[in-house]
K.L.:
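Starting off with a structure, shown below.
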Amino acid sequence: MLKDNNNKNKFNILIIDSDTDFSGEIKARLKDIGYRSIQVFGLKNIEKDINNFKNSLDLIILDIESGKNNPLLKYIQKNTDAKIIILNELEDSINRDDYFMQGILDFYLKSNNINYIVDDISESINRLELNKKENILVIDDSKVICYLIKSLLENKNYNIFTALNAKDGLKIIEKENLSLLILDMELPDMHGIGVMDKLRDIGSLNNFPILVVSGSNNPSTIRKVLKKGASDFLNKPFLYEEFLLKIDLLIKSSRSQQTLKIQKKQIEETLDSFEALVNSIIEALLIFEKNICTEVNDVAIKLLGYSSKNDLLGKNIFEIFNTLSQEHKELIIDDAIEHNFESNLDTTDGSLLQVQIKERNINLGVRVLKIIAIMDITQIKQKELMLNNQSKMASMGEMIGNIAHQWRQPLTAISIAAGGIKLGYELDINDEEDVLRELDNIVENSQFLSETIEDFQNFLKNDRLSTNFSARESIDKTIAIINANLKYYEIDIVKDYDKNIQINGIQNDLI
């Protein structure tokens with residue numbers, strides 16, 4: 001009837017000790033930890049308190065001297081289900097092991113440090129709750145030994161299975177999730193070493209620790225069973241306290257192994273989830289430590305033209321990004337800040353990709369991980385170029401219309417001037433001043449036509465280099481191209497801007 005130790009104040013402890021100072025210190029220390037405890041003195045008070053609290057007592061700490069040895073111990077065990085811890089002034093080695101055989105939880109010398117005693121009692125209480133989850137199998141051909149071990153261990157809240165032969169024991173091993181196997185060497189149907197060989201064959205040998213108990217203490221036998229995979233060896237007949245201590249240590253080891261297995265599984269599941277997440281990202285992802293590739297996703301393998309992850313792992317960063325410009329190489333190895341830029345990247349199959357590269361550095365204590373994401377923007381850039389060309393073609397169509405408007409008036413003026421000069425010569429009525437004036441008109445309009453052709457050629461240039469140019473000049477060129485339409489629709493342009501404004505970019509795109 002052990003209570004949930006997550007709520008210690010519901011765990012009731014009775015301290016039976018005639019030494020009021022010592023028991024008072026025990027009580028105070030237990031209270032500090034969080035347990036409820038009661039002190040009693042005198043045989044009448046003991047019987048009264050046990051009768052009053054017997055259904056709610058979880059643990060009795062007993063100075064065996066105060067009860068004049070075994071009669072009180074037997075009375076407590078008969079009238080309560082509480083666990084019993086014995087305190088004693090003397091080592092009492094003669095009776096000590098008998099107390100364990102009678103079912104006590106532990107034995108402490110009162111000469112020990114009181115803090116040690118109380119801390120160990122608290123640890124024993126915690127183990128009682130944990131032990132409920134532990135399954136122990138005893139394989140021994142002696143019914144007496146099986147019963148004795150079962151009684152000793154069930155007192156510590158272990159779940160005990162017993163088998164009198166190897167065959168039945170192996171069946172239990174197949175069905176139950178064991179924490180410990182207690183194995184006798186001399187079984188009627190198979191030697192203990194044969195059982196361990198069988199466990200190795202079915203892959204269960206390392207699933208739980210094995211305590212071998214044997215009537216033989218032959219050093220050769222001990223070495224053999226330990227080499228076969230046993231965790232410990234105990235010679236029969238054994239001391240009960242020593243046996244229980246070994247069991248607790250082996251169970252603790254088993255718990256640690258199970259915890260490690262669970263943690264390992266959780267880590268593996270986390271890594272699997274992380275890998276699945278990484279591989280679900282549409283961008284190529286590479287992780288570097290000290291500029292050496294330590295992880296990549298499937299997208300990166302495919303994008304860069306490699307056949308497997310192993311082809312990339314262990315490579316230096318510049319073995320992968322060897323075609324980047326020097327400027328971009330300096331950016332990509334800079335651990336101080338994040339970077340985001342567009343560049344060209346060669347793949348192992350000779351393809352040239354236009355990519356966007358994002359680089360970020362993560363500090364993990366003394367380690368720095370560099371995460372590089374690559375997005376293939378080749379198709380995006382091709383579509384962008386196509387849209388630009390389509391836009392330019394539409395603009396060209398509009399510009400040709402503008403030029404046609406622009407050219408009508410000067411072509412008409414040139415045609416009229418040339419026709420007038422020709423007619424004057426035919427009729428011999430030309431005046432020299434009139435002819436010169438008309439020729440000047442022809443030259444002026446021809447120059448205008450030449451300028452509009454030059455503007456049109458500039459617009460068609462596929463020059464992608466950024467330069468510094470005058471905003472005023474660009475505006476004047478644009479107005480000159482569409483001037484005929486402006487006049488046709490009677491639109492007047494008023495210019496009011498700083499003549500010295502400079503713009504860095506591609507002038508034709510602006511026009």
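Everything numeric here is computed off the predicted structure, so don't read it as measured data.
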K.L.:
So which atom in Ser124 and which in Asp106 form the shortest heavy-atom distance, rounded to 0.1 Å?
P.N.:
OG-OD2, 4.0 Å

K.L.:
Please walk me through it: do Leu180 and Ser254 pass side chain to side chain contact (heavy atoms under 4.5 Å, CB included)?
P.N.:
CA-CA 7 Å; Leu180 174 66; Ser254 178; 6.0 Å; no

K.L.:
Go through it in stages, so that I can follow the logic: the residues are Asp189 and Lys167, the test is salt bridge (Lys or Arg N to Asp or Glu O under 4.0 Å), and I'd like the CA-CA distance, side-chain angles, deciding distance and then a yes or no.
P.N.:
CA-CA 7 Å; Asp189 56 343; Lys167 181 180 178 182; over 6 Å; no

K.L.:
Give a yes or no on whether the backbone of Gln356 and the side-chain of Asn340 come within a donor-acceptor separation of less than 3.5 Å.
P.N.:
no

K.L.:
Within the 3.5 Å criterion, strictly below it, is a donor on Asp376 or Thr378 matched to an acceptor on the partner's side chain?
P.N.:
yes

K.L.:
Answer yes when Lys309 and Asp298 have at least one side-chain N-carboxylate O distance shorter than 4.0 Å, and no when they do not.
P.N.:
no

K.L.:
Taking the side chain from His339 and the backbone from Leu331, do they hold a donor-acceptor pair closer than 3.5 Å?
P.N.:
yes

K.L.:
To the nearest 0.5 Å, tell me how far Leu153 CG sits from Ile182 CD1.
P.N.:
5.0 Å

K.L.:
Side chains of Ile372 and Phe288: closer than 4.5 Å at any heavy-atom pair?
P.N.:
yes

K.L.:
Under the criterion side chain to side chain contact (heavy atoms under 4.5 Å, CB included), I'd like the reasoning laid out for Ile121 against Ile117: C-alpha separation, chi angles, the key distance, then a yes or no.
P.N.:
CA-CA 6 Å; Ile121 288 173; Ile117 293 174; 3.8 Å; yes

K.L.:
Just wondering, are more than 12 heavy atoms of other shown residues or ligands nearer than 6.0 Å to CG in Asn235?
P.N.:
yes

K.L.:
Is there a donor-acceptor pair under 3.5 Å between the side chain of Thr348 and the backbone N or O of Gly305?
P.N.:
yes

K.L.:
Nearest 0.5 Å, what's the CG-CE distance between Leu170 and Met190?
P.N.:
6.0 Å

K.L.:
Give the minimum heavy-atom separation between Arg255 and Asn131, together with the two atoms involved.
P.N.:
NH2-OD1, 2.6 Å

K.L.:
Please assess Leu183 against Met196 for the test side chain to side chain contact (heavy atoms under 4.5 Å, CB included), listing each intermediate value before the final yes or no.
P.N.:
CA-CA 9 Å; Leu183 177 63; Met196 286 191 285; 4.1 Å; yes

K.L.:
Could you walk me through whether Leu304 and Phe321 pass the side chain to side chain contact (heavy atoms under 4.5 Å, CB included) test, one step at a time?
P.N.:
CA-CA 10 Å; Leu304 298 175; Phe321 298 100; 5.6 Å; no

K.L.:
Within the 4.5 Å heavy-atom criterion, are Leu244 and Leu152 side-chain neighbours or not?
P.N.:
yes

K.L.:
Taking Arg367 first and then Glu289, would you say they form a salt bridge - that is, a charged N and a carboxylate O separated by under 4.0 Å?
P.N.:
yes

K.L.:
Hey, does Asp119 have a side-chain heavy atom less than 4.5 Å from the side chain of Arg29?
P.N.:
yes

K.L.:
Give a yes or no on whether the backbone of Asn207 and the side-chain of Ser204 come within a donor-acceptor separation of less than 3.5 Å.
P.N.:
no

K.L.:
Quick one: are Asn316 and Ile320 in side-chain contact, heavy atoms under 4.5 Å?
P.N.:
no

K.L.:
Within this structure, what is the CD1-CD1 distance for the pair Ile160 and Ile136, rounded to the nearest 0.5 Å?
P.N.:
4.0 Å

K.L.:
What verdict does the salt bridge (Lys or Arg N to Asp or Glu O under 4.0 Å) test give for Lys370 and Glu359, after you've listed the backbone C-alpha separation in whole Å, the side-chain angles of each residue and the deciding distance to 0.1 Å?
P.N.:
CA-CA 7 Å; Lys370 183 183 295 294; Glu359 179 257 346; 2.8 Å; yes

K.L.:
Look up atom CG in Asp248 and atom NZ in Lys252, then write down how far apart they are to the nearest 0.5 Å.
P.N.:
10.0 Å

K.L.:
Between the side chain of Asn157 and the main-chain N/O of Leu128, is any donor-acceptor distance below 3.5 Å?
P.N.:
yes

K.L.:
Under 30°, 30 to 60°, or over 60°: which ring-plane class applies to His328 and Phe341, parallel, tilted or perpendicular?
P.N.:
parallel

K.L.:
So, the side chain of Arg223 versus the backbone of Asn218: is there a donor-acceptor pair under 3.5 Å, distance only?
P.N.:
no

K.L.:
Give a yes or no on this: more than 12 heavy atoms of other residues, nucleotides or ligands lie within 6.0 Å of atom NZ of Lys198.
P.N.:
no

K.L.:
Taking Asp140 for the side chain and Asn165 for the main chain, is one N or O donor matched with an acceptor at less than 3.5 Å?
P.N.:
no

K.L.:
For the atom pair CZ (Phe208) and CG (Asn135), what is the distance rounded to the nearest 0.5 Å?
P.N.:
11.0 Å

K.L.:
Charged N to carboxylate O below 4.0 Å: is that the case for Lys495 and Asp476?
P.N.:
yes

K.L.:
Grab the two heavy atoms, one from Ile377 and one from Glu342, that are nearest each other, plus how far apart they are.
P.N.:
CD1-CD, 3.7 Å

K.L.:
Do the side chains of Cys146 and Leu164 get nearer than 4.5 Å, heavy atoms only?
P.N.:
yes

K.L.:
First locate atom CG of Leu353, then atom CG of Asp346, and finally report the distance between them rounded to the nearest 0.5 Å.
P.N.:
8.0 Å

K.L.:
Would you mind reporting whether Phe233 and Leu211 have side-chain heavy atoms less than 4.5 Å apart?
P.N.:
no

K.L.:
So, the side chain of Ser122 versus the backbone of Val118: is there a donor-acceptor pair under 3.5 Å, distance only?
P.N.:
no

K.L.:
Is any side-chain heavy atom of Leu205 closer than 4.5 Å to a side-chain heavy atom of Ile210?
P.N.:
yes

K.L.:
Tell me yes or no: between the side chains of Asp58 and Tyr35, is some donor less than 3.5 Å from an acceptor?
P.N.:
no

K.L.:
Check whether Ser179 reaches the backbone of Ile251 with its side chain - one donor and one acceptor, N or O, closer than 3.5 Å.
P.N.:
no

K.L.:
Do Asn468 and Ile503 come close enough that some side-chain heavy atom pair is under 4.5 Å?
P.N.:
no

K.L.:
Would you say the side-chain atoms of Asp120 pair up with the backbone N or O of Tyr116, donor to acceptor, closer than 3.5 Å?
P.N.:
no

K.L.:
Which pair of non-hydrogen atoms, one from Ala284 and one from Val299, has the smallest distance, and what is that distance?
P.N.:
N-CG1, 3.7 Å

K.L.:
Which atoms form the tightest heavy-atom contact between Ala373 and Leu285, and what is the distance?
P.N.:
CB-CD1, 4.0 Å

K.L.:
Taking all atoms of both residues into account, what is the closest heavy-atom pair of Cys293 and Leu286, and its distance?
P.N.:
SG-CD2, 4.5 Å

K.L.:
Take atom NZ of Lys261 as the centre, draw a 6.0 Å sphere, and report whether it contains more than 12 heavy atoms from other residues, nucleotides or ligands.
P.N.:
yes

